Amino acid sequence: MDYTPISTRRVILAFAVTGFVALAPALFLVLQSRHPGPLSLFADDDGGYRGLVLGAGSVVVTASLVGALMLLAAIGRRVLRRPSRA
């Protein structure tokens, strides 16, 4: 077993991301329902929150694409740094 220390910040960040991923579908369903709630300020004319959900979805997709590009760049740097063994 590897006993490499891990920072508390990374653990909390991992739990936060896991919690967000677990609660995102429920939040989506609540926002798509037509019942007034605490976010009624952002409601569309028909009572739904499609604009808010679309905006949040756009932010998530953009962040995912940026993260994927950063991951590819990091992997590319490691591949280029590694000496080739023939």
Side-chain angles (χ1 to χ4, degrees):
M1 184 170 185
D2 186 16
Y3 290 102
T4 305
I6 186 168
S7 68
T8 307
R9 182 175 154 241
R10 284 186 179 182
V11 172
I12 292 173
L13 180 65
F15 276 114
V17 169
T18 303
F20 174 74
V21 169
L23 295 176
L27 179 63
F28 177 79
L29 292 175
V30 167
L31 289 175
Q32 285 293 351
S33 69
R34 301 195 189 280
H35 301 292
L39 296 175
S40 61
L41 173 69
F42 301 111
D44 295 335
D45 293 335
D46 61 352
Y49 295 93
R50 289 200 171 104
L52 181 64
V53 172
L54 181 64
S58 298
V59 169
V60 168
V61 168
T62 303
S64 300
L65 289 175
V66 169
L69 288 173
M70 290 176 66
L71 182 64
L72 285 174
I75 290 171
R77 283 188 200 149
R78 283 188 178 233
V79 168
L80 289 176
R81 252 192 260 162
R82 233 178 240 170
S84 62
R85 295 181 183 158

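Here the structure is a predicted model, which is why all the values come from computation and not from measurement.
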Check: To the nearest 0.5 Å, how far apart are OG1 in Thr18 and CG in Leu23?
Finding: 10.5 Å
Notebook entry, point to check: About how many Å separate OG1 of Thr8 and CG of Leu13, when rounded to the nearest 0.5 Å?
Noted result: 12.5 Å
Check: Does one hydrophobic cluster hold both Val79 and Leu71, with members joined at side-chain heavy-atom distances below 4.5 Å?
Finding: yes
